[in-house]
Amino acid sequence: MTMRVRFAPSPTGALHIGGARTALYNWLLARHAGGSLVLRVEDTDRERSTPENVAQIVDALGWLELGWDEGPFSQAERRPRHREEIDRLLGEGHAYLDEGAVRLRVPDAGETVVEDVIRGEVSFPHEAIDDFVIARSDGSPLYNLAVAVDDRDMGITHVVRGADHLSNTPRQILILRALGAEPPVYAHLPLLHGPDGKKLSKRHGAASVQELREAGYLPEAVRNYIALLGWGYDESTEFFTTPELVERFSLERVSKSPAVFDEKKLRWMNGHYLRQLDAGDLQQRLERRLDRPVPEAAVRIAQEKMQTLDDFWSLAAFLVEPQPDDPAAWDKVMTAGAPERLRRAREALASAEPFDADAVEQALRRVVDDLGVKPRDVYQPVRVAISGRTVSPGIFESVAVLGRDETLARIDRALERAEISTSAEPDMG
RNA sequence: GGGGGCGUGGUCUAGUGGUUAGGACGCCGGCCUUUCAAGCCGGAGGACACGGGUUCGAUUCCCGUCGCCCCUACCA
(Lines give C-alpha, C1' and ligand atoms only; values in the text may rest on other atoms or scores of the structure.)
Protein backbone atom coordinates (compact mmCIF):
# COMPACT_ATOMS: atom_id res chain seq x y z
CA MET A 1 0.00 0.00 0.00
CA THR A 2 1.53 3.34 -0.96
CA MET A 3 1.85 5.87 1.76
CA ARG A 4 -0.66 8.68 1.85
CA VAL A 5 -0.12 11.42 4.38
CA ARG A 6 -1.81 14.72 4.94
CA PHE A 7 -1.08 18.14 6.28
CA ALA A 8 -4.23 19.50 7.86
CA PRO A 9 -3.81 23.01 9.20
CA SER A 10 -6.64 24.93 10.72
CA PRO A 11 -6.76 28.39 9.13
CA THR A 12 -7.26 30.30 12.34
CA GLY A 13 -4.00 32.23 12.00
CA ALA A 14 -0.73 32.37 10.13
CA LEU A 15 1.31 29.21 9.58
CA HIS A 16 3.59 28.83 12.56
CA ILE A 17 6.98 27.27 12.65
CA GLY A 18 5.42 24.26 14.36
CA GLY A 19 2.92 23.80 11.55
CA ALA A 20 5.71 24.30 9.04
CA ARG A 21 7.67 21.52 10.67
CA THR A 22 4.65 19.20 10.57
CA ALA A 23 4.22 20.04 6.90
CA LEU A 24 7.90 19.40 6.24
CA TYR A 25 7.91 16.01 7.98
CA ASN A 26 4.82 14.90 6.07
CA TRP A 27 6.34 16.14 2.83
CA LEU A 28 9.61 14.31 3.50
CA LEU A 29 7.76 11.11 4.30
CA ALA A 30 5.70 11.27 1.12
CA ARG A 31 8.73 12.02 -1.02
CA HIS A 32 10.78 9.29 0.62
CA ALA A 33 8.11 6.65 0.13
CA GLY A 34 7.00 7.81 -3.29
CA GLY A 35 3.58 8.39 -1.78
CA SER A 36 1.21 11.33 -1.77
CA LEU A 37 0.72 14.38 0.40
CA VAL A 38 -2.80 15.71 0.75
CA LEU A 39 -3.40 19.28 1.84
CA ARG A 40 -6.62 19.56 3.78
CA VAL A 41 -7.78 22.77 5.35
CA GLU A 42 -9.66 22.15 8.57
CA ASP A 43 -12.01 25.07 8.41
CA THR A 44 -15.06 23.70 10.17
CA ASP A 45 -14.74 26.45 12.77
CA ARG A 46 -16.57 29.09 10.80
CA GLU A 47 -16.02 31.66 13.48
CA ARG A 48 -12.27 31.71 13.24
CA SER A 49 -11.40 30.31 9.82
CA THR A 50 -10.82 32.94 7.16
CA PRO A 51 -9.97 32.83 3.44
CA GLU A 52 -7.09 35.21 4.15
CA ASN A 53 -5.55 32.71 6.51
CA VAL A 54 -5.97 29.93 3.98
CA ALA A 55 -4.21 32.07 1.38
CA GLN A 56 -1.45 32.84 3.83
CA ILE A 57 -0.87 29.18 4.63
CA VAL A 58 -0.78 28.24 0.97
CA ASP A 59 1.61 31.11 0.37
CA ALA A 60 3.87 30.05 3.23
CA LEU A 61 4.03 26.47 1.98
CA GLY A 62 4.86 27.78 -1.46
CA TRP A 63 7.69 29.87 -0.10
CA LEU A 64 9.04 26.87 1.80
CA GLU A 65 8.85 24.93 -1.47
CA LEU A 66 6.72 22.22 0.10
CA GLY A 67 4.32 21.19 -2.61
CA TRP A 68 1.38 18.82 -2.18
CA ASP A 69 -0.13 16.25 -4.50
CA GLU A 70 -3.83 16.65 -3.80
CA GLY A 71 -5.92 19.49 -2.53
CA PRO A 72 -6.23 21.87 -0.94
CA PHE A 73 -9.51 20.39 0.18
CA SER A 74 -11.88 22.33 2.34
CA GLN A 75 -13.20 20.31 5.21
CA ALA A 76 -16.20 22.60 5.51
CA GLU A 77 -17.19 21.79 1.95
CA ARG A 78 -17.34 18.12 2.81
CA ARG A 79 -20.11 18.73 5.26
CA PRO A 80 -22.71 16.68 3.34
CA ARG A 81 -20.38 13.69 3.53
CA HIS A 82 -19.87 14.19 7.27
CA ARG A 83 -23.62 14.50 7.69
CA GLU A 84 -24.15 11.13 5.98
CA GLU A 85 -21.84 9.43 8.41
CA ILE A 86 -23.36 11.14 11.39
CA ASP A 87 -26.79 9.88 10.29
CA ARG A 88 -25.37 6.43 9.82
CA LEU A 89 -23.87 6.44 13.28
CA LEU A 90 -27.24 7.60 14.60
CA GLY A 91 -29.10 4.96 12.64
CA GLU A 92 -26.83 2.18 13.82
CA GLY A 93 -27.06 3.25 17.42
CA HIS A 94 -23.44 4.28 17.77
CA ALA A 95 -24.53 7.82 18.46
CA TYR A 96 -27.53 9.49 20.00
CA LEU A 97 -29.22 12.86 20.25
CA ASP A 98 -28.70 14.96 23.34
CA GLU A 99 -30.44 18.36 23.36
CA GLY A 100 -30.12 18.48 19.60
CA ALA A 101 -26.43 17.69 19.52
CA VAL A 102 -25.16 14.29 18.47
CA ARG A 103 -22.99 12.35 20.90
CA LEU A 104 -20.96 9.26 20.24
CA ARG A 105 -21.54 6.32 22.56
CA VAL A 106 -18.28 5.55 24.32
CA PRO A 107 -18.11 2.23 26.18
CA ASP A 108 -17.95 2.58 29.97
CA ALA A 109 -15.31 -0.08 30.39
CA GLY A 110 -12.18 -1.04 28.58
CA GLU A 111 -9.70 1.18 26.86
CA THR A 112 -8.61 2.37 23.46
CA VAL A 113 -4.98 1.89 22.56
CA VAL A 114 -3.16 4.21 20.21
CA GLU A 115 -0.22 2.58 18.48
CA ASP A 116 2.08 5.51 17.98
CA VAL A 117 5.22 5.16 15.90
CA ILE A 118 7.07 7.65 18.06
CA ARG A 119 5.64 6.89 21.49
CA GLY A 120 4.73 3.24 21.38
CA GLU A 121 1.40 2.02 22.74
CA VAL A 122 -0.59 4.63 24.60
CA SER A 123 -3.75 3.49 26.40
CA PHE A 124 -6.72 5.63 27.26
CA PRO A 125 -9.24 4.21 29.72
CA HIS A 126 -12.82 4.69 28.55
CA GLU A 127 -13.89 5.97 31.97
CA ALA A 128 -11.91 9.08 31.17
CA ILE A 129 -13.66 9.68 27.87
CA ASP A 130 -17.17 11.10 27.92
CA ASP A 131 -19.80 10.55 25.26
CA PHE A 132 -18.42 13.44 23.28
CA VAL A 133 -20.29 15.65 20.82
CA ILE A 134 -19.69 14.91 17.14
CA ALA A 135 -22.28 17.29 15.70
CA ARG A 136 -23.66 20.59 16.95
CA SER A 137 -27.37 20.98 17.51
CA ASP A 138 -27.54 22.88 14.20
CA GLY A 139 -26.33 19.69 12.57
CA SER A 140 -22.81 20.88 11.70
CA PRO A 141 -20.07 18.29 12.21
CA LEU A 142 -17.30 18.78 14.75
CA TYR A 143 -13.57 18.35 14.46
CA ASN A 144 -13.09 14.78 15.64
CA LEU A 145 -15.84 13.47 13.39
CA ALA A 146 -14.68 15.41 10.36
CA VAL A 147 -11.07 14.30 10.82
CA ALA A 148 -11.98 10.65 11.19
CA VAL A 149 -14.27 10.63 8.17
CA ASP A 150 -11.86 12.58 6.00
CA ASP A 151 -8.83 10.52 6.93
CA ARG A 152 -10.72 7.41 5.97
CA ASP A 153 -12.33 8.80 2.80
CA MET A 154 -9.01 10.17 1.62
CA GLY A 155 -7.25 6.89 2.23
CA ILE A 156 -4.75 8.37 4.64
CA THR A 157 -2.31 5.68 5.78
CA HIS A 158 -0.23 7.71 8.24
CA VAL A 159 -1.39 10.56 10.41
CA VAL A 160 1.63 12.66 11.40
CA ARG A 161 0.70 15.65 13.53
CA GLY A 162 1.51 17.53 16.72
CA ALA A 163 1.39 15.82 20.10
CA ASP A 164 -1.42 18.13 21.12
CA HIS A 165 -3.64 15.74 19.16
CA LEU A 166 -2.58 12.61 21.00
CA SER A 167 -5.43 12.88 23.49
CA ASN A 168 -7.92 13.28 20.66
CA THR A 169 -6.69 10.18 18.90
CA PRO A 170 -8.69 7.63 20.93
CA ARG A 171 -11.82 9.61 20.10
CA GLN A 172 -11.02 9.48 16.42
CA ILE A 173 -10.27 5.78 16.64
CA LEU A 174 -13.60 5.22 18.39
CA ILE A 175 -15.40 6.99 15.54
CA LEU A 176 -13.44 5.08 12.91
CA ARG A 177 -14.28 1.75 14.52
CA ALA A 178 -17.95 2.69 14.83
CA LEU A 179 -17.83 3.42 11.12
CA GLY A 180 -16.31 0.01 10.54
CA ALA A 181 -12.95 1.39 9.46
CA GLU A 182 -9.44 0.55 10.59
CA PRO A 183 -7.43 3.44 12.01
CA PRO A 184 -4.34 4.64 10.15
CA VAL A 185 -0.82 4.60 11.60
CA TYR A 186 -0.29 7.49 13.99
CA ALA A 187 2.81 9.50 14.82
CA HIS A 188 2.62 12.40 17.25
CA LEU A 189 5.42 14.91 16.99
CA PRO A 190 6.82 16.70 20.02
CA LEU A 191 5.38 20.17 20.44
CA LEU A 192 7.40 23.31 19.87
CA HIS A 193 7.61 25.68 22.79
CA GLY A 194 8.62 29.31 23.13
CA PRO A 195 11.73 30.38 25.05
CA ASP A 196 9.58 30.62 28.18
CA GLY A 197 8.66 26.95 27.92
CA LYS A 198 5.07 27.68 27.04
CA LYS A 199 3.38 26.55 23.90
CA LEU A 200 4.62 28.57 20.94
CA SER A 201 2.51 31.61 20.23
CA LYS A 202 2.64 34.92 18.42
CA ARG A 203 4.33 36.56 21.33
CA HIS A 204 7.48 34.55 20.73
CA GLY A 205 9.35 36.61 18.15
CA ALA A 206 9.56 35.48 14.56
CA ALA A 207 7.37 32.47 15.05
CA SER A 208 5.38 32.53 11.85
CA VAL A 209 6.71 31.57 8.45
CA GLN A 210 5.78 35.00 7.08
CA GLU A 211 7.83 36.69 9.75
CA LEU A 212 10.79 34.44 9.04
CA ARG A 213 10.52 35.30 5.41
CA GLU A 214 10.33 39.02 6.12
CA ALA A 215 13.29 38.78 8.46
CA GLY A 216 15.39 37.59 5.54
CA TYR A 217 15.77 33.88 6.11
CA LEU A 218 16.24 31.50 3.21
CA PRO A 219 13.63 28.76 2.75
CA GLU A 220 16.31 26.10 2.42
CA ALA A 221 17.86 27.20 5.71
CA VAL A 222 14.51 27.25 7.45
CA ARG A 223 13.80 23.75 6.20
CA ASN A 224 17.14 22.48 7.45
CA TYR A 225 16.70 24.17 10.81
CA ILE A 226 13.17 23.02 11.52
CA ALA A 227 13.99 19.50 10.38
CA LEU A 228 16.35 19.41 13.35
CA LEU A 229 13.66 20.52 15.80
CA GLY A 230 12.62 17.12 17.04
CA TRP A 231 14.81 14.97 14.87
CA GLY A 232 18.49 14.13 14.55
CA TYR A 233 20.32 11.89 12.16
CA ASP A 234 23.57 11.07 13.90
CA GLU A 235 25.85 12.55 16.48
CA SER A 236 27.34 15.34 14.45
CA THR A 237 25.61 16.18 11.17
CA GLU A 238 23.94 19.59 11.19
CA PHE A 239 23.60 20.43 7.53
CA PHE A 240 21.37 18.48 5.20
CA THR A 241 20.46 19.21 1.63
CA THR A 242 16.81 18.63 0.89
CA PRO A 243 17.51 15.39 -1.01
CA GLU A 244 19.52 14.19 1.99
CA LEU A 245 16.60 14.99 4.24
CA VAL A 246 14.27 13.03 1.98
CA GLU A 247 16.67 10.13 2.06
CA ARG A 248 17.47 10.12 5.77
CA PHE A 249 14.40 11.35 7.60
CA SER A 250 12.43 8.73 9.49
CA LEU A 251 9.71 8.82 12.12
CA GLU A 252 11.57 6.27 14.21
CA ARG A 253 14.25 8.83 14.95
CA VAL A 254 11.87 11.62 15.90
CA SER A 255 12.29 12.57 19.54
CA LYS A 256 9.55 12.58 22.12
CA SER A 257 10.35 15.71 24.07
CA PRO A 258 9.26 19.24 23.19
CA ALA A 259 11.75 21.60 21.56
CA VAL A 260 12.29 25.33 21.82
CA PHE A 261 12.68 27.47 18.74
CA ASP A 262 16.06 29.22 18.96
CA GLU A 263 16.36 32.05 16.48
CA LYS A 264 20.07 32.48 17.20
CA LYS A 265 20.82 29.09 15.80
CA LEU A 266 18.60 29.72 12.81
CA ARG A 267 20.57 32.92 12.15
CA TRP A 268 23.82 31.02 12.27
CA MET A 269 22.55 28.34 9.95
CA ASN A 270 21.06 30.89 7.59
CA GLY A 271 24.42 32.65 7.40
CA HIS A 272 25.99 29.39 6.38
CA TYR A 273 23.47 28.95 3.56
CA LEU A 274 23.89 32.57 2.51
CA ARG A 275 27.63 32.11 2.11
CA GLN A 276 27.12 29.09 -0.10
CA LEU A 277 24.98 30.99 -2.58
CA ASP A 278 26.77 32.21 -5.66
CA ALA A 279 26.96 35.97 -5.73
CA GLY A 280 24.66 36.30 -8.71
CA ASP A 281 21.95 34.29 -7.05
CA LEU A 282 22.27 36.28 -3.84
CA GLN A 283 22.19 39.49 -5.81
CA GLN A 284 18.93 38.47 -7.45
CA ARG A 285 17.34 37.56 -4.14
CA LEU A 286 18.40 40.88 -2.67
CA GLU A 287 17.14 42.88 -5.60
CA ARG A 288 13.81 41.14 -5.49
CA ARG A 289 13.60 41.78 -1.79
CA LEU A 290 14.74 45.40 -1.83
CA ASP A 291 12.97 46.08 -5.11
CA ARG A 292 15.96 47.97 -6.46
CA PRO A 293 19.22 47.13 -8.19
CA VAL A 294 22.25 46.52 -5.98
CA PRO A 295 25.84 46.38 -7.21
CA GLU A 296 27.26 42.90 -7.50
CA ALA A 297 30.55 43.96 -5.94
CA ALA A 298 28.73 45.15 -2.82
CA VAL A 299 26.88 41.85 -2.60
CA ARG A 300 30.09 39.91 -2.96
CA ILE A 301 31.92 41.58 -0.10
CA ALA A 302 28.89 41.76 2.20
CA GLN A 303 28.08 38.10 1.70
CA GLU A 304 30.68 36.78 4.08
CA LYS A 305 29.24 38.67 7.02
CA MET A 306 25.53 38.45 6.42
CA GLN A 307 23.35 36.10 8.43
CA THR A 308 20.05 37.15 6.93
CA LEU A 309 19.07 38.93 3.74
CA ASP A 310 18.06 41.77 5.97
CA ASP A 311 21.67 42.22 7.09
CA PHE A 312 22.75 43.33 3.65
CA TRP A 313 21.37 46.80 3.90
CA SER A 314 22.76 47.61 7.32
CA LEU A 315 26.12 46.16 6.33
CA ALA A 316 26.53 47.55 2.84
CA ALA A 317 24.03 50.34 2.21
CA PHE A 318 26.91 52.83 2.24
CA LEU A 319 28.25 51.18 -0.92
CA VAL A 320 25.00 51.92 -2.69
CA GLU A 321 24.42 55.46 -1.51
CA PRO A 322 25.85 57.76 1.20
CA GLN A 323 24.58 56.90 4.67
CA PRO A 324 24.13 59.12 7.72
CA ASP A 325 26.74 58.67 10.41
CA ASP A 326 26.05 56.63 13.47
CA PRO A 327 26.84 59.21 16.18
CA ALA A 328 28.13 56.56 18.53
CA ALA A 329 30.53 55.25 15.90
CA TRP A 330 31.75 58.74 15.16
CA ASP A 331 32.38 59.58 18.79
CA LYS A 332 34.15 56.34 19.42
CA VAL A 333 36.56 56.58 16.51
CA MET A 334 37.03 60.26 15.65
CA THR A 335 39.30 61.07 18.55
CA ALA A 336 41.90 63.82 18.63
CA GLY A 337 44.49 62.09 16.46
CA ALA A 338 42.01 60.86 13.90
CA PRO A 339 42.08 63.83 11.50
CA GLU A 340 45.82 63.55 11.01
CA ARG A 341 45.60 59.82 10.37
CA LEU A 342 42.70 60.35 8.00
CA ARG A 343 44.66 62.96 6.08
CA ARG A 344 47.57 60.57 5.68
CA ALA A 345 45.20 57.81 4.59
CA ARG A 346 43.65 60.13 2.05
CA GLU A 347 47.04 61.01 0.68
CA ALA A 348 48.05 57.37 0.35
CA LEU A 349 44.78 56.38 -1.28
CA ALA A 350 44.96 59.28 -3.74
CA SER A 351 47.97 57.68 -5.36
CA ALA A 352 47.20 53.99 -4.91
CA GLU A 353 47.34 52.28 -8.26
CA PRO A 354 45.44 50.33 -9.45
CA PHE A 355 42.62 51.10 -7.06
CA ASP A 356 41.89 47.55 -5.97
CA ALA A 357 41.78 45.82 -2.59
CA ASP A 358 45.46 44.83 -2.68
CA ALA A 359 46.69 48.29 -3.53
CA VAL A 360 44.39 49.83 -0.93
CA GLU A 361 45.74 47.43 1.65
CA GLN A 362 49.34 48.28 0.80
CA ALA A 363 48.64 51.96 0.90
CA LEU A 364 46.90 51.87 4.25
CA ARG A 365 49.46 49.56 5.82
CA ARG A 366 52.17 51.97 4.81
CA VAL A 367 50.35 54.72 6.67
CA VAL A 368 50.14 52.50 9.72
CA ASP A 369 53.89 51.83 9.54
CA ASP A 370 54.87 55.42 8.91
CA LEU A 371 52.79 56.67 11.80
CA GLY A 372 53.79 53.85 14.10
CA VAL A 373 50.22 53.39 15.28
CA LYS A 374 47.95 50.39 15.60
CA PRO A 375 46.21 49.25 12.42
CA ARG A 376 42.81 49.98 13.89
CA ASP A 377 43.82 53.61 14.50
CA VAL A 378 43.92 54.14 10.77
CA TYR A 379 41.35 51.66 9.55
CA GLN A 380 38.54 52.61 11.86
CA PRO A 381 38.52 56.32 11.02
CA VAL A 382 38.53 55.38 7.35
CA ARG A 383 35.71 52.95 7.94
CA VAL A 384 33.60 55.50 9.76
CA ALA A 385 34.41 58.13 7.16
CA ILE A 386 33.14 56.01 4.29
CA SER A 387 30.41 53.98 5.98
CA GLY A 388 29.38 55.98 9.01
CA ARG A 389 29.67 52.86 11.11
CA THR A 390 32.22 50.77 12.97
CA VAL A 391 31.01 47.62 11.27
CA SER A 392 31.27 46.96 7.55
CA PRO A 393 32.63 44.40 5.16
CA GLY A 394 36.44 44.19 5.02
CA ILE A 395 37.86 47.71 4.94
CA PHE A 396 40.20 47.21 1.97
CA GLU A 397 37.47 45.63 -0.12
CA SER A 398 35.00 48.26 0.94
CA VAL A 399 37.27 51.10 -0.10
CA ALA A 400 38.07 49.44 -3.41
CA VAL A 401 34.41 48.83 -4.20
CA LEU A 402 33.48 52.40 -3.29
CA GLY A 403 36.07 53.70 -5.72
CA ARG A 404 38.75 56.33 -5.40
CA ASP A 405 36.66 59.42 -6.08
CA GLU A 406 33.86 58.59 -3.70
CA THR A 407 36.25 57.41 -1.01
CA LEU A 408 38.29 60.60 -1.15
CA ALA A 409 35.17 62.73 -1.19
CA ARG A 410 33.81 61.03 1.91
CA ILE A 411 37.13 61.34 3.69
CA ASP A 412 37.15 65.03 2.85
CA ARG A 413 33.69 65.48 4.30
CA ALA A 414 34.69 63.59 7.40
CA LEU A 415 37.78 65.75 7.75
CA GLU A 416 35.69 68.90 7.66
CA ARG A 417 33.40 67.59 10.32
CA ALA A 418 36.24 66.30 12.45
CA GLU A 419 37.98 69.65 12.40
CA ILE A 420 34.83 71.45 13.39
CA SER A 421 34.09 69.11 16.25
CA THR A 422 37.73 69.03 17.34
CA SER A 423 37.93 72.83 17.56
CA ALA A 424 34.59 72.93 19.30
CA GLU A 425 35.84 70.59 21.98
CA PRO A 426 39.47 71.54 22.51
CA ASP A 427 39.66 69.54 25.71
CA MET A 428 38.91 66.25 24.09
CA GLY A 429 42.35 64.85 23.99
C1' G B 1 -10.25 17.34 39.54
C1' G B 2 -9.74 13.21 35.72
C1' G B 3 -6.88 11.15 31.58
C1' G B 4 -2.44 11.38 28.63
C1' G B 5 2.55 12.82 27.23
C1' C B 6 7.44 14.52 28.24
C1' G B 7 12.05 15.29 31.49
C1' U B 8 20.63 14.62 28.73
C1' G B 9 24.70 21.68 29.98
C1' G B 10 20.86 28.26 28.67
C1' U B 11 19.01 26.05 23.69
C1' C B 12 18.76 21.94 19.60
C1' U B 13 20.45 17.09 19.82
C1' A B 14 23.77 11.91 19.85
C1' G B 15 24.30 7.88 22.88
C1' U B 16 24.92 3.26 25.95
C1' G B 17 23.70 -1.56 31.68
C1' G B 18 30.33 -0.33 32.61
C1' U B 19 31.86 6.16 27.68
C1' U B 20 36.82 11.20 30.05
C1' A B 21 28.37 11.42 28.44
C1' G B 22 29.71 13.06 21.77
C1' G B 23 28.23 17.21 18.29
C1' A B 24 25.97 22.11 17.30
C1' C B 25 24.02 27.18 18.63
C1' G B 26 24.94 30.72 22.26
C1' C B 27 28.71 32.48 25.80
C1' C B 28 34.12 33.57 27.15
C1' G B 29 39.30 33.98 25.39
C1' G B 30 42.95 33.96 21.42
C1' C B 31 44.30 34.34 16.18
C1' C B 32 43.37 36.60 11.37
C1' U B 33 50.05 42.65 13.02
C1' U B 34 41.33 45.88 11.00
C1' U B 35 36.02 46.57 13.17
C1' C B 36 32.75 42.35 12.97
C1' A B 37 27.23 39.64 13.38
C1' A B 38 32.24 36.04 9.06
C1' G B 39 36.50 32.25 9.47
C1' C B 40 40.06 29.37 12.46
C1' C B 41 41.77 27.68 17.38
C1' G B 42 40.96 27.03 22.53
C1' G B 43 37.77 27.26 27.02
C1' A B 44 33.85 27.39 30.69
C1' G B 45 29.24 25.03 31.41
C1' G B 46 25.90 18.63 32.29
C1' A B 47 27.39 13.51 37.74
C1' C B 48 21.98 12.71 32.13
C1' A B 49 14.79 16.29 36.99
C1' C B 50 14.65 14.16 42.13
C1' G B 51 14.05 9.77 45.49
C1' G B 52 13.87 4.73 45.91
C1' G B 53 14.73 0.08 43.99
C1' U B 54 16.75 -4.22 40.36
C1' U B 55 21.99 -5.11 39.32
C1' C B 56 28.82 -6.37 40.71
C1' G B 57 27.52 -1.71 38.16
C1' A B 58 22.45 2.58 36.01
C1' U B 59 21.95 8.46 32.48
C1' U B 60 20.37 3.86 30.14
C1' C B 61 15.40 -1.22 33.37
C1' C B 62 11.10 -0.78 37.31
C1' C B 63 8.27 2.23 40.91
C1' G B 64 7.21 6.80 43.18
C1' U B 65 7.73 12.18 43.52
C1' C B 66 8.21 16.80 41.33
C1' G B 67 8.09 20.00 37.13
C1' C B 68 6.35 21.33 32.32
C1' C B 69 2.87 20.50 28.38
C1' C B 70 -1.65 18.45 25.97
C1' C B 71 -6.79 16.72 26.14
C1' U B 72 -11.04 16.86 29.23
C1' A B 73 -15.73 22.76 24.28
C1' C B 74 -22.18 22.12 20.57
C1' C B 75 -12.74 25.11 19.08
C1' A B 76 -9.34 22.92 15.86
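All chains are named by letter (A, B, ...) in the order of the sequence lines, taking the proteins before the strands, and each is independently numbered beginning at 1.
Pairing partner, G10(B): C25(B), with both Watson-Crick or wobble hydrogen-bond distances short of 3.5 Å. Using Watson-Crick or G-U wobble geometry with both donor-acceptor distances under 3.5 Å, U34(B) finds no partner in any strand shown. Shown here, A58(B) forms no base pair; nothing in the strands shown gives a Watson-Crick or G-U wobble contact with both key distances under 3.5 Å. Here A44(B) sits opposite no nucleotide as a Watson-Crick or G-U wobble pair (both hydrogen-bonding atom distances under 3.5 Å). For U65(B), the paired base is A49(B) (Watson-Crick or G-U wobble, both distances below 3.5 Å).
With sequence neighbours excluded, the residues satisfying side chain to side chain donor-acceptor pair (under 3.5 Å) with Asp310(A) are Arg289(A). Checked against salt bridge (Lys or Arg N to Asp or Glu O under 4.0 Å), Arg300(A) has no partners two or more places apart in sequence or in another chain. Contacts of Asp262(A) classified as salt bridge (Lys or Arg N to Asp or Glu O under 4.0 Å), with partners at least two apart in sequence or in another chain: none. With sequence neighbours excluded, the residues satisfying salt bridge (Lys or Arg N to Asp or Glu O under 4.0 Å) with Asp150(A) are Arg40(A), Arg78(A). For Asp281(A), the salt bridge (Lys or Arg N to Asp or Glu O under 4.0 Å) criterion is met by Arg285(A), not counting sequence neighbours.
Glu406(A) places no side-chain N or O within 3.5 Å of a backbone atom of Gly403(A) that could act as its donor or acceptor partner.
The structure places CG of Leu319(A) at 9.5 Å from CH2 of Trp313(A), a figure rounded to the nearest 0.5 Å. Taking CG of Leu228(A) as the reference point, atom CD of Glu238(A) lies at 5.5 Å (rounded to 0.5 Å). Taken to the nearest 0.5 Å, the CD1 atom of Ile86(A) stands 10.5 Å off from the CZ atom of Arg81(A).
The separation of G15(B) from A21(B), taken at their C1' atoms, amounts to 8 Å, rounded to a whole angstrom. Of the P atoms belonging to G46(B) and G22(B), the separation is 13 Å, rounded to the nearest Å. Across G51(B) and G45(B), the matching C1' atoms stand 26 Å from one another, rounded to whole Å. Here the separation of G26(B) from A37(B), taken at their P atoms, is 10 Å to the nearest Å. Distance check on atom P: C56(B) versus U16(B) gives 23 Å, rounded to whole Å. Rounded to the nearest Å, the gap between the P atom of G5(B) and that of G23(B) is 34 Å. Taking the P atom of each, U8(B) and C48(B) are spaced 11 Å apart, rounded to whole Å. Comparing C50(B) with G42(B), their C1' atoms are spaced 35 Å from each other, to the whole Å.
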I'd like to compare against my own output: the B/S/- annotation of nucleotides 7-16 of chain B with a strict under-4.0 Å heavy-atom distance to protein.
S---SBSSS-
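For A24(B), the base is anti relative to its sugar; the glycosidic angle deviates from 0 by more than 90°.
The interatomic distance linking Arg119(A) (CZ) with C69(B) (C1') rounds to 11 Å, in whole Å. Between the C1' atom of G4(B) and the NE2 atom of His126(A) lies a distance of 15 Å, rounded to the nearest Å. Between the CG atom of Leu166(A) and the P atom of C70(B) there is a distance of 13 Å, given to the nearest Å. Nucleotide G5(B) holds its P atom 14 Å from the CD atom of Glu115(A), rounded to whole Å. Following rounding to the nearest Å, Leu192(A) (CG) and C6(B) (C1') show an atom-to-atom distance of 14 Å. Here G4(B) presents its P atom at 19 Å from OH of Tyr186(A), a figure rounded to the nearest Å.
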Protein and nucleotides 37-41 of chain B: nitrogen or oxygen contacts under 3.5 angstrom:
| from | atom 1 | to | atom 2 | distance (Å) |
| --- | --- | --- | --- | --- |
| A38(B) | O4' | Glu304(A) | O | 3.0 |
| A38(B) | O3' | Arg275(A) | NH1 | 3.3 |
| A38(B) | O2' | Arg275(A) | NE | 3.4 |
| A38(B) | O2' | Glu304(A) | O | 2.9 |

Nucleotide N/O to protein N/O under 3.5 Å, stretch nucleotides 72-76 of chain B:
| from | atom 1 | to | atom 2 | distance (Å) |
| --- | --- | --- | --- | --- |
| C74(B) | O2 | Ser137(A) | N | 2.9 |
| C74(B) | O2 | Ser137(A) | OG | 3.0 |
| C74(B) | N3 | Ser137(A) | OG | 3.0 |
| C74(B) | N4 | Glu99(A) | O | 3.1 |
| C75(B) | OP2 | Arg136(A) | NE | 2.6 |
| C75(B) | OP2 | Arg136(A) | NH2 | 3.1 |
| C75(B) | O2' | Asp45(A) | OD2 | 2.1 |
| C75(B) | O2' | Arg48(A) | NH2 | 3.3 |
| C75(B) | O2 | Arg48(A) | NH2 | 2.7 |
| A76(B) | OP1 | Thr44(A) | O | 3.4 |
| A76(B) | OP1 | Thr44(A) | OG1 | 2.8 |
| A76(B) | OP2 | Tyr143(A) | N | 2.9 |
| A76(B) | O3' | Glu42(A) | O | 3.0 |
| A76(B) | O2' | Ser10(A) | OG | 3.0 |
| A76(B) | N6 | Asn168(A) | OD1 | 2.7 |
| A76(B) | N6 | Asn168(A) | ND2 | 3.3 |
| A76(B) | N1 | Asn168(A) | OD1 | 3.1 |

Contact list (N/O, under 3.5 angstrom) for nucleotides 27-34 of chain B vs protein:
| from | atom 1 | to | atom 2 | distance (Å) |
| --- | --- | --- | --- | --- |
| U34(B) | O2 | Arg383(A) | NH2 | 2.6 |

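Screening residues 86-102 of chain A for salt bridge (charged side-chain N to carboxylate O under 4.0 Å, His left out), with sequence neighbours left out, gives Arg83(A)-Asp87(A), Glu85(A)-Arg88(A), Arg88(A)-Glu92(A), Asp98(A)-Arg103(A). Screening residues 244-258 of chain A for salt bridge (charged side-chain N to carboxylate O under 4.0 Å, His left out) gives no qualifying pairs among residues at least two apart or on separate chains.
Checking Thr241(A) against Arg223(A) by side-chain atom types alone, no donor-acceptor pair falls below 3.5 Å.
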Kindly list each side-chain donor-acceptor pair under 3.5 angstrom involving residues 52-59 of chain A, sequence neighbours excluded, with atom names and distances?
| from | atom 1 | to | atom 2 | distance (Å) |
| --- | --- | --- | --- | --- |
| Asn53(A) | ND2 | Pro11(A) | O | 3.1 |
| Asn53(A) | ND2 | Thr50(A) | OG1 | 3.0 |
| Asp59(A) | OD2 | Arg213(A) | NH1 | 3.2 |

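Mapping Ser392(A) and Val122(A) onto RNA chain B via the closest heavy atom, the residue that lands nearer the 5' end is Val122(A).
Note: Tyr25(A) and His158(A) fail the aromatic proximity criterion, with ring centroids not under 6.0 Å apart. A centroid separation of 6.0 Å or more is found between the aromatic rings of His32(A) and Phe249(A).
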